[in-house]
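Everything below concerns the one structure shown next.
Residue numbers run from 1 in the order of the sequence given.
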Amino acid sequence: MSAHTHTRPHPAPRGGADIRLPWWALALPALAFVALLTLILNPSEAHAAAGDPTIARLVERAQQLIAR
């Protein structure tokens, strides 16, 4: 014997999706963005960029463009 199952399609949600994110799902990308922005605006604290003059010039140029 085979069992016959009835399936019903799920009703479409009304008014859009109800999605809740944990607090860190928004906080971590925002924190990373602020940290990278700080390094761009203050290249003297970016110790890795000090050895390569090309990167230092690029950061200085970006800083000049942002200051305008």
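Across all their heavy atoms, I40 and V59 have their closest contact at O-CG1, 3.8 Å.
Here the CG atom belonging to L41 is positioned 6.5 Å from the CD atom belonging to Q63, to the nearest 0.5 angstrom. To the nearest 0.5 angstrom, L36 atom CG is 8.5 Å from T38 atom OG1.
A search for side-chain contact (heavy atoms from CB on, under 4.5 Å) contacts involving P22 returns W24, A25, not counting sequence neighbours. For L65, the side-chain contact (heavy atoms from CB on, under 4.5 Å) partners two or more places apart in sequence, or in a different chain, are R61, R68.
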